[in-house]
Amino acid sequence: MSDAKKPQSAVQTTGHAWDGDIQEFNNPLPNWWLWSFYATVVFAVVYWIFYPAWPVGGGYTTGIMNDITFVDSDGTEKTSHWNTRALLLKEMQEGKSATLSREYLEKVKDADYQTILGDAEMMAFTRSMAVGLFGDNCMPCHGAGGAGVIGLFPNLADDDWLWGGTVEDIEATITNGRYGFMPSFRETFDEQQLDDVASYVLSLSGHEVDDAAAARGKDIFQTQTGGCYYCHGTDGKGLKSQGSANLTDQIWTIADVPGAATLEDKKSLVRQVVVNGVQRTMPAWKDRLDETQIKLLTVYVHELGGGQ
Amino acid sequence: MTDSASQALHQARIPIYPRSVKGRFRMLKWGILTLAYSVYFLLPWLRWERNAGPDQAVLFDIANRKFYLFDLVVHAQDLFWLTGLLLIAALLLFFVTGIAGRVFCGYFCFQTLWTDLYLLIERLVQGDRVARIRLDKSPWNANKLVRKLATHLLWLAVAFWTGLTFTLYWDNAPQLIVRFFNGSAPFAAYATTLFLTATTYVMAGLAREQVCTYMCPYARFQSVMFDADTRIVAYDVQRGEGAAGRHKVTRDLKSLEQRREQGVGECIDCGYCVQVCPTGIDIRNGLQVQCITCALCIDACDTIMDKLGWGQGLIRYTSEKEARGEKSRIWKPKTIGYGLFLLASAAALVWSVSNQSPVELSVVQVRQPLFVRLSDGRIQNSYDLHIENKTDEPLKMVVMLRGLAGAELDTGKLSSIQVGPQRSLRVRARVRWDSGHKHKGSRSFEFNLVPQTRQEIGMISAPATFYMPGSEN
């Protein structure tokens with residue numbers, strides 16, 4: 001091979017010679033690289049023509065033949081040059097899943113509650129839509145699964161409904177909000193009376209308490225002395241119109257009675273409620289959510305605990 | 001050559017101009033090609049009646065996660081069948097290669113099939129081997145330009161139809177093809193077609209045997225599975241070379257008797273076997289990695305031997321052992337092992353496919369809250385039941401509980417559950433149970449799904465757990 005004889009000459013030089021013998025190697029780029037580079041140049045020029053590209057003054061070149069027509073968030077139809085925001089809006093409105101969920105949404109909007117509750121597919125759709133609404137609007141207080149917090153926010157996943165558990169009641173609650181109020185009896189009752197009332201309240205839900213204390217408590221509860229029956233009813237089952245608690249069942253939304261170990265602890269928890277009263281507010285959502293959203297949430301909340 | 005050429009990383013391709021040949025293996029290969037192409041190009045157009053779903057016999061519906069194969073519908077959760085299919089394909093390749101060598105390469109591989117078709121086009125437009133060599137050497141003129149252009153255009157047309165056909169398997173073919181040409185098909189359809197057009201054109205038209213020699217992994221690991229018993233295409237050296245080597249037919253070496261007297265073999269060194277080889281090797285040099293066992297050299301040599309009347313088989317299917325005069329064994333521990341594994345995996349797949357459950361039930365526990373105490377002291381757990389109806393009829397079903405005595409099941413206002421054909425549904429189920437104070441922690445039970453229509457399906461069960469306050473201890 002000729003290479004072996006003159007290894008230096010194996011590499012091309014640029015042909016110039018400085019100071020007599022200083023030469024510059026010429027190592028040209030591989031052809032595939034060069035042609036790929038030219039291809040990117042051609043691509044860039046084509047891109048400039050069809051897509052937004054160059055800044056010009058305060059604006060930019062928008063490209064040709066790339067109009068996107070979409071419906072803006074305020075409901076007006078707009079046409080703009082190609083841009084990813086418009087592309088996203090168009091996809092959100094006209095994409096396959098968007099179209100499908102809009103179809104279902106129309107169906108749910110037009111159906112009455114009994115139809116929705118009786119249709120497994122509509123229920124599945126409602127659940128998938130409402131879980132997001134619930135997470136955005138209701139979860140901060142009621143928790144992700146609607147379990148609430150004892151003493152603060154009612155549990156929506158059980159079968160106890162302070163303001164009623166029918167879809168109509170739930171819809172009214174979400175639309176207009178609720179204000180739950182029980183006055184403080186700090187000034188009204190003395191220590192003995194507090195103890196008696198607490199005993200009586202515990203006896204209503206089947207707790208074994210001192211009969212004498214319960215009898216004295218009953219006297220306070222059912223007469224003008226305490227006046228508890230105004231709201232909780234003579235049977236202690238509460239009134240839906242007042243949002244007053246049913247004292248005869250196993251559910252406690254303010255005092256964590258099931259969580260307390262001894263009867264004394266349970267009694268002191270109930271006493272605290274009587275002493276401090278209750279003030280709870282659920283805000284109205286009619287200004288923040290539209291009718292369909294409220295409908296979806298109503299069905300969702302109804303399903304959490306089984307409703308009424 | 002220039003200096004830079006001598007430093008090239010790999011050997012420049014020596015152009016191969018395979019010559020046409022007629023014979024039994026060529027016929028067999030044309031037959032396989034016709035059959036394979038008929039299936040591949042026509043299958044997307046075959047219509048198939050179904051109660052639910054598209055009327056295309058074979059359709060891979062990615063968007064709806066269903067693969068339609070005639071009367072079989074493969075759902076997303078059945079996709080492990082694909083693993084079985086790949087396993088069977090691999091074992092079949094091992095098994096066949098162990099016994100019969102590279103028959104896949106020679107007869108069935110799409111690289112071989114498409115290269116064959118491309119060579120046919122080339123021959124029809126430019127003529128056979130000698131004409132093609134002459135055309136390539138001739139300076140550019142109108143004739144050369146037209147012939148070359150026609151060849152490449154026809155190649156591109158075949159490549160395009162190949163790519164488009166592949167795309168048609170993934171959507172409703174008659175609709176997709178209209179949308180494809182009026183510009184409203186999905187981007188993926190254009191991208192797939194373009195990609196396969198390009199690869200078909202490059203692989204079958206330009207790269208050809210280099211794919212088998214340099215790119216294909218199967219070619220390499222099939223070689224590893226060869227042994228002395230494997231069927232190979234081989235030249236009978238003893239018969240062909242004799243004692244004094246091969247020699248052309250001359251006046252003194254015309255008949256077999258003359259040749260035998262002078263110790264010359266039966267190979268007349270006509271070179272036909274080399275000219276027909278699509279990978280450009282000389283089979284008389286022995287087994288080579290490039291050989292795809294297409295058997296065209298057998299046809300070539302048989303043609304010559306028939307003409308001379310010396311008897312076929314100078315180049316033939318044999319094995320290393322047979323060539324040495326020993327007997328070769330087909331059934332050895334290796335092939336028996338592959339065969340058994342092949343049978344077992346095929347049987348497992350067939351069993352799995354034929355026992356596909358027509359209804360799937362899976363239960364997901366609602367974990368927030370895990371349980372709720374109800375006003376009457378009972379505990380409530382909630383579950384999402386995911387029910388999938390794989391049949392092509394609507395099914396009416398009833399949900400029931402088992403293993404939780406006295407528990408109440410509440411599915412709201414849904415008394416029975418209706419799931420459309422090939423549809424799935426999520427149903428919220430609440431279970432209420434008076435665990436008393438006997439049970440704490442958790443308790444396992446079952447959801448049962450009882451079809452009311454199509455009762456032959458039978459009950460479908462799924463396990464679930466009921467959680468209660470307090471720990472077990």
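Chain A is the first sequence line, chain B the second, and so forth, proteins listed ahead of strands; every chain is numbered from 1.
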ask   = Under 6.0 Å between the ring centres of Phe371(B) and Phe466(B)?
value =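 Aromatic pair excluded; centres sit 6.0 Å or further apart.
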ask   = Taking every heavy-atom pair that is under 4.5 Å apart, which of Ala147(A), Ala120(A), Ala124(A) has the most such pairs with chain B?
value =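 Heavy-atom pair counts peak at Ala120(A).
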message = With chain B as the partner, which of Gly305(A), Ala144(A), Gly143(A) has the greatest number of non-hydrogen pairs under 4.5 Å?
response =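 Looking at each of Gly305(A), Ala144(A), Gly143(A) in turn, Gly305(A) comes out on top.
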Would you mind checking which part of [X] comes under 4.5 Å of any heavy atom in chain A, side chain (CB onward), backbone (N, CA, C, O), both or neither?
| X | answer |
| --- | --- |
| Arg432(B) | side chain |
| Arg367(B) | neither |
| Leu374(B) | both |
| Arg430(B) | side chain |

query = Counting only heavy atoms not in Arg65(B), do more than 12 sit closer than 6.0 Å to its CZ atom?
reply =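 Atom CZ in Arg65(B) is not packed in, count stays at 12 or less.
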query = Would Asp159(A) and Ser375(B) satisfy side-chain hydrogen bond (donor to acceptor under 3.5 Å, both in side chains), going step by step from the backbone distance to the final call?
reply = CA-CA 7 Å; Asp159(A) 65 343; Ser375(B) 51; 3.1 Å; yes
Part of Asn246(A) within contact of chain B (heavy atom distance under 4.5 Å) =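 Contact with chain B involves no heavy atom of Asn246(A) at all.
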task = Flag the one option from Ile417(B), Asp410(B), Val427(B) with the top tally of heavy-atom pairs under 4.5 Å to chain A.
result =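 Option with the greatest count: Val427(B).
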message = Between Tyr113(A) and Glu168(A), does the side-chain hydrogen bond (donor to acceptor under 3.5 Å, both in side chains) criterion hold? Intermediate values first, please.
response = CA-CA 9 Å; Tyr113(A) 280 120; Glu168(A) 289 77 17; over 6 Å; no
key: Closest contact, heavy atoms only, Ser461(B) versus Asn448(B)   =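 Looks like OG-OD1, 2.9 Å.
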key: Side-chain ion pair, Glu388(B) and Arg423(B), N-O less than 4.0 Å   =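 The answer is no: the pair does not qualify as a salt bridge.
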